[in-house]
Novice: 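One structure, pasted below without further comment.
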There are 2 protein chains.
Amino acid sequence: MIATFYEGNRSFSVKEKPIVPPGSDEVQIKVSFCGVCGTDVHIYHGVMDKRVKMPITIGHEMSGVIVQVGKGVNDFQAGEKVVVRPLDNRGEKPSDKGHSHICKDLKFIGIDSPGAMQQYWNVPAFTLHRLPAATDLKLAALVEPLAVACHDVRLAGLKKDEFAMVLGGGPIGMLVALVARNEGARVVISEVNPVRLALAKNLGFEVVNPSEVDLLQFAEETTNGRLADVVFEVAGVQTTIDQMTQIAGIRSRIVVVAIHSQPRPVNLFQMFWKELQVIGARVYEKEDYETAIQLITNTNLPFESLITKVQALSDIQQVFEQIEKNPDGMKIILDCQK
Amino acid sequence: MIATFYEGNRSFSVKEKPIVPPGSDEVQIKVSFCGVCGTDVHIYHGVMDKRVKMPITIGHEMSGVIVQVGKGVNDFQAGEKVVVRPLDNRGEKPSDKGHSHICKDLKFIGIDSPGAMQQYWNVPAFTLHRLPAATDLKLAALVEPLAVACHDVRLAGLKKDEFAMVLGGGPIGMLVALVARNEGARVVISEVNPVRLALAKNLGFEVVNPSEVDLLQFAEETTNGRLADVVFEVAGVQTTIDQMTQIAGIRSRIVVVAIHSQPRPVNLFQMFWKELQVIGARVYEKEDYETAIQLITNTNLPFESLITKVQALSDIQQVFEQIEKNPDGMKIILDCQK
């Protein structure tokens, strides 16, 4: 089989590798598709070189079909379509208070152990979610990032008819917006990139470009002074950190979806004045995966529009180089059987 | 009667003034005691000169007795002991979503209109809370700051047996700690001032001095790695903003009680990693006042220990000058009949 390896220094290798049978409590998956996540791009940039053990196969936004099951696996069988929830929480302790998805000793599969950017992949059976037989496996590669969005919207406590503003129209921002709208909220996407703005419009969203329009004034006028009930900060820059407390109305919730590696000045006075809540959100829980699978397989939400390109696994180096050069792109998916 | 006026430039005047009968829907109160709030000290420092209309009578942490009621007031009568919830929410709008205590056009009585540092005070009847006849009116002057603490603890969603850390052992920090402990939480007060540390110890609290001990290590060791379930940031400095995200455990809540007039660097990575919630809290709601009155009148909590001194209203200038010079002090209360 073909496997790819991040070798450091912005380079991937593509190598032949023997197919290994699954161990006890493991399942062997023939990987169908694997999306490229922002985290994968971070790894490619060398930002996580201290954490990843090179050479390493990365990738976690995948879909596939079970080939064989290891000893002790009774609830899955060959031929079933699946996705992996790449959280290895076997190090969970009582001090994690039952929040196993963010337990202190969490290992992220595809970062801390080998991932899905290869043709065959052995994973612990407890990480699997079964897909209906008719599932489009290309779309199913979106289950993982969609589960992130489902988690964010759930932690926001978003209710029908609330007004949500999504700051940043990248892949996760768009998914958050789709999930939020599906919950019955009115959703506006704030974005500066014209290509992403056009895509958001095509998806039927109200959009605003804060480099052309005063965002606070926009929020005030469009809500009759109520401002946003929920803000999703998905852009990860200081400007959106400043905006998030401005455009939030009284007792609003702000979910910080983007990862900020450095402390950021936050307007705590606005938080006090309007009794805002800022909510940190990380990965997903089992129920978010179930919701994401349901949305992918049982609704007509326009997930297809978020897939910019599908390319062969063996083109991995070129794919990562392209992503860097194209800030307009959304999801790039690797076809792992090519 | 005697009334005091903030005249700007760190000075108060004390003047004779005629007693005016209450208007319609108003009540005339003979003010018994009025505590000095941090906000009053801010006003004295000139920080709020743009907001207050000098000369102005300030003060809002009061207790008193009704002298007469104006036209249209049927539910109160002369002789009743009362406290005032100094929030004038008559400008409330639908865009405030029913959160009248922080409505956009809220007027704070004692800042935006005359306050209680005078012998007789006319206030709208809707601001009153009745006290039991046997209430100690000196202690009742603590109802207002205690209601702040009740609000903070309520918004934290603090549960029995949770571990709460209070960063800052000033008057509000101590009140938060007392309310939190009364809810059944284990409470540690973190403070650097030795006099305040000694007082906190006298009140039976576990204490920690973060200038002598590594606070994170302390929190880890004392909770077996669980860290704090709830953090109250009551000190208002960058150090405690840094500490609050460090010592908070997985899915913990952080209530920012202190007022930060400038944006502060906040560790959003910790918020993401541990899925923390940061909650802004401002003043109080009706139910917090009722809880505070209940705690003052029906429990044996050691509120008396928080009163550093009671001084005559006519000494107001000296009182504010002393407060500045004494960082050890807790609550100073003006006796408004002297």
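Computation of the quantities below employed the complete heavy-atom set of this structure, encompassing side-chain atoms and omitting hydrogens, waters and symmetry-equivalent molecules. Proteins get letters first, then strands, A, B, ... in listed order; numbering begins at 1 in each.
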Novice: Tell me if the NE2 atom of A/H45 is crowded by more than 12 foreign heavy atoms within 6.0 Å.
Specialist: yes
Novice: With a 3.5 Å distance limit and no angle check, can you tell me whether B/K97 reaches the backbone of A/G249 through a side-chain donor-acceptor pair?
Specialist: no
Novice: Tell me, for A/L155 versus chain B, whether the close heavy atoms (under 4.5 Å) come from the side chain, the backbone, both or neither.
Specialist: side chain
Novice: Let me know if A/N224 has heavy atoms under 4.5 Å from chain B in its side chain, its backbone, both or neither.
Specialist: backbone
Novice: Top residue by heavy-atom pair count (under 4.5 Å) with chain A, among B/H260, B/K93, B/R251?
Specialist: B/R251
Novice: Examine whether an atom of A/D242 lies under 4.5 Å from a heavy atom of chain B, and if so say whether it belongs to the side chain, the backbone or both; otherwise answer neither.
Specialist: neither
Novice: What's the verdict on side-chain contact (heavy atoms from CB on, under 4.5 Å) for B/S95 and A/E220, showing C-alpha distance, side-chain angles and the deciding distance?
Specialist: CA-CA 10 Å; B/S95 62; A/E220 265 172 352; over 6 Å; no
Novice: Taking only heavy atoms into account, what residues of residues 270-279 of chain B are found under 4.5 Å from chain A?
Specialist: B/M271, B/F272, B/W273, B/K274, B/E275, B/L276, B/Q277, B/V278, B/I279
Novice: Could you give the distance from CD (B/Q262) to CG (A/L268), rounded to the nearest 0.5 Å?
Specialist: 11.0 Å
Novice: Using side-chain contact (heavy atoms from CB on, under 4.5 Å) as the criterion, point out the one residue from A/H101, A/R282, A/H99 that pairs with B/I250.
Specialist: A/H99
Novice: Check whether A/I241 gets within reach of chain B through its side chain, its backbone, both or neither, counting any heavy atom under 4.5 Å.
Specialist: side chain
Novice: If you count heavy-atom pairs under 4.5 Å between each of A/I259, A/V256, A/I254 and chain B, which one has the most?
Specialist: A/I259
Novice: Under a 4.5 Å heavy-atom cutoff, which of A/I102, A/T223, A/N267 has the most pairs with chain B?
Specialist: A/I102
Novice: Using a cut-off of under 4.5 Å on heavy-atom pairs, state which of A/D229, A/L106, A/T245 scores highest against chain B.
Specialist: A/D229
